[in-house]
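Worksheet: one structure, shown below.
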Amino acid sequence: MTRETILITGASGFIATHVVNAFLRAGYAVRGTVRSEEKAAKVHRTFSEYSERLSFVIVPDIAQPYAFDEAVQGVVGVIHTACPFKAEVEDKERDLLQPSVLGTFNILNSIQKYAPQVRRVVETSSFAGMLDISKGNWPGHVYSEADWNPMTYAEATNANTPDIATYCAGKAMAERAAWDFMARENPPFDLVTICPPCVYGPNANATADLVKLNTSSAEIYQLMSPMSKPSDPLPPPVVWVWVDVRDVAEAHLKAFEVPEAGGQRFLVSAGNHSSQKIADILRDHVAEVQDRVPLGKPHSGMGGREVYGVDASKSEKVLGLRYHPLEETVVDAARAFLRLEQVV
Ligand code: NDP
């Protein structure tokens with residue numbers, strides 16, 4: 001039987017590792033893009049049981065023109081996850097906006113030129129691309145697929161804008177660029193975008209390194225690392241809403257497979273959370289780190305704060321998603337970090 005091949009960009013990433021897993025388990029052949037042979041070898045080892053169905057193309061920089069010309073050839077679907085998610089960078093344009101926007105533009109162009117057989121592209125966008133940072137906690141507002149981050153290019157590149165806000169704006173610009181491309185070019189494939197907020201859960205990433213964790217994993221690890229202690233202040237999360245990484249992977253698989261998903265944008269989230277809630281779960285359910293976790297005000301939930309909510313009902317209805325509860329996600333994430341501590 002000839003299996004259909006799916007291209008997954010940024011295959012060494014935290015989220016992408018679970019996306020690769022979901023597609024391999026569903027029976028597809030997967031071609032991943034990674035930045036080096038070394039990363040390809042590591043990802044290969046993670047999925048050794050599927051080695052005959054997993055291959056790689058090296059794409060050192062998605063922002064370079066023609067970066068994906070070779071990678072897209074012969075695949076029937078493309079899952080574009082690659083994008084830097086960093087809270088601090090040297091150069092906002094080079095390190096955040098260009099890979100986000102040009103990376104998206106480059107992959108769509110390469111598909112149009114070299115991959116007429118592609119049926120659908122799924123882009124990993126973000127809740128960051130929906131967030132209106134100027135509204136702060138925005139009590140009473142319920143974010144949905146109707147929301148767009150309104151930050152302009154000039155605001156995003158302003159030296160006073162925090163890098164994390166530039167990242168958020170870049171995700172909106174990349175997603176808008178993708179929808180604009182579809183409207184302008186009317187290509188033979190359709191597009192689905194997936195918009196997750198803070199993504200947490202077990203780190204299955206073969207290239208994961210506890211001192212260079214991806215940004216959302218680092219949020220949890222900093223509450224339980226050997227460096228943390230009960231008297232430490234609890235930092236606010238990047239956003240007040242979250243989702244399990246395994247549910248995000250399932251969302252990408254369903255986004256590719258469900259016919260009605262075509263042409264749609266999906267907010268995928270299990271709801272509100274706070275650092276306090278995560279710290280309480282770690283202290284109550286992961287005995288090994290009990291003495292490391294910042295105390296805060298135990299079991300005070302959202303700390304009396306009124307914050308925005310989310311409506312992810314479209315993802316449940318169209319993609320059939322069911323969301324993991326926070327407790328399971330945090331405990332599974334913590335167990336994976338403890339395993340990584342053993343290999344250091
Ligand atoms: P990771 O940093 O783990 O993954 C990012 C991937 O993109 C890595 O494989 C990275 O390669 C690759 N990459 C980054 N920049 C480039 C570049 N210029 N050229 C080639 N490859 C590049 O992050 P996540 O798994 O968290 O993020 C994956 C996607 O999900 C991103 O699009 C992100 O915006 C989105 N997202 C993440 C959320 C989260 O909470 N984690 C929330 C919402 C959306 P390398 O590691 O080798 O640099």
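It should be emphasised that the depicted structure is a prediction, and the values quoted were computed from it without experimental measurement. We count residues from 1, following the sequence as given. Remember, it's 1-based here, ligands and their atoms both numbered in the order they're listed.
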* Atom OG in Ser125, atom CE in Met130: separation rounded to 0.5 Å? -> 7.0 Å
* Which segment of Phe14 sits under 4.0 Å of ligand 1 when only heavy atoms are counted -> both
* Is the closest side-chain donor-acceptor distance between His80 and Thr124 under 3.5 Å? -> no
* Structure fact -> Gly10 heavy atoms within 4.0 Å reach ligand 1 at atoms 9 (O)
* Asked: Does any donor atom in the side chain of Thr193 or Glu123 lie under 3.5 Å from an acceptor atom in the other side chain?
  -> no
* Asked: How far is atom 19 (N) of ligand 1 from its nearest protein heavy atom, and which residue and atom is that?
  -> Ile62 N, 3.0 Å
* Numbering as shown, the atoms of ligand 1 that approach Cys198 to under 4.0 Å (heavy-atom distance) -> 40 (O)
* Asked: Heavy-atom contact under 4.0 Å between Ser125 and ligand 1?
  -> yes
* **Asn158 and Glu155: side chain donor to acceptor below 3.5 Å** => no
* **Separation of Arg94 CZ from Glu90 CD (nearest 0.5 Å)** => 5.5 Å
* Asked: For ligand 1, is there an N or O atom under 3.5 Å from any N or O atom of Thr81?
  -> yes
* To do: Please state which part of Thr124 comes within less than 4.0 Å of ligand 1, counting heavy atoms only: side chain, backbone, both or neither.
  => both
* Asked: Is the closest N or O pair between Val199 and ligand 1 shorter than 3.5 Å?
  -> yes
* Asked: Is there a donor-acceptor contact under 3.5 Å linking the side chains of Asp132 and Trp138?
  -> no
* Asked: Nearest to atom 26 (O) of ligand 1, what protein heavy atom do you find, and at what distance?
  -> Asn214 ND2, 3.5 Å
* To do: Please work out whether the ring planes of Phe181 and Phe189 are parallel, tilted or perpendicular, with thresholds of 30° and 60°.
  => parallel
* Between the side chains of Ser274 and Asn272, does any donor sit under 3.5 Å from an acceptor? -> no
* Give the single entry among Gly13, Ser217, Cys83 that approaches atom 7 (O) of ligand 1 most closely by any heavy atom. => Cys83
* Specify side chain, backbone, both or neither for Val59, according to which of its non-hydrogen atoms lie closer than 4.0 Å to ligand 1. => backbone
* Name the orientation class of the two ring planes belonging to Phe47 and Tyr50 (parallel below 30°, tilted from 30 to 60°, perpendicular beyond 60°). => tilted
* Asked: For Ala16 and ligand 1, does the shortest N/O to N/O distance drop below 3.5 Å?
  -> no
* To do: Within a distance under 4.0 Å of any heavy atom of Phe85, pick out the atoms of ligand 1 and give their elements.
  => 37 (C), 38 (C), 39 (C), 40 (O), 41 (N)
* Side chain, backbone, both or neither: the part of Ala128 lying under 4.0 Å from ligand 1 by heavy atom -> neither
* Ring centers of Tyr200, His273 separated by less than 6.0 Å -> yes
* **Side-chain donor-acceptor pair present, Asp332, His324, cut-off under 3.5 Å** => no
* **Whether Asn21 side chain and Thr17 backbone form a donor-acceptor pair below 3.5 Å** => no
* Asked: What do you think, any protein heavy atom under 4.0 angstrom from atom 44 (C) of ligand 1?
  -> yes
* Ignoring hydrogens and angles, state whether a donor on the side chain of Tyr323 or Ser315 is under 3.5 Å from an acceptor on the partner side chain. => yes
* For ligand 1, is Pro60 a contact, meaning one of its heavy atoms is under 4.0 Å away? -> yes
* Can we say Arg120 and Glu257 salt-bridge, meaning some charged N sits less than 4.0 Å from an Asp/Glu carboxylate O? -> no
* Nearest protein heavy-atom contact for atom 25 (O) of ligand 1: which residue, which atom, what distance? -> Ile15 N, 2.9 Å
* Asked: Which of the atoms of ligand 1 are close to Ser216, meaning less than 4.0 Å from one of its heavy atoms?
  -> 39 (C), 40 (O), 41 (N)
* Asked: Just which atoms of ligand 1 are under 4.0 Å from any heavy atom in Lys39?
  -> 45 (P), 46 (O), 47 (O)
* **Tyr167 contact mode with ligand 1 (heavy-atom cut-off under 4.0 Å)** => side chain
* Asked: What protein heavy atom is closest to atom 11 (O) of ligand 1, reported as residue, atom name and distance in Å?
  -> Arg35 CD, 3.5 Å
* Go through ligand 1 atom by atom and flag the ones less than 4.0 Å from a non-hydrogen atom of Ser126. => 43 (C), 44 (C)
* Heavy-atom contacts with Ala82 under 4.0 Å: which atoms of ligand 1 show up? List them by number with element. => 7 (O)
* To do: For ligand 1, indicate whether the residue Ala63 contacts it via side chain, backbone, both or neither (heavy-atom separation under 4.0 Å).
  => neither
* Asked: Quick one: does Pro197 get a heavy atom under 4.0 Å from ligand 1?
  -> yes
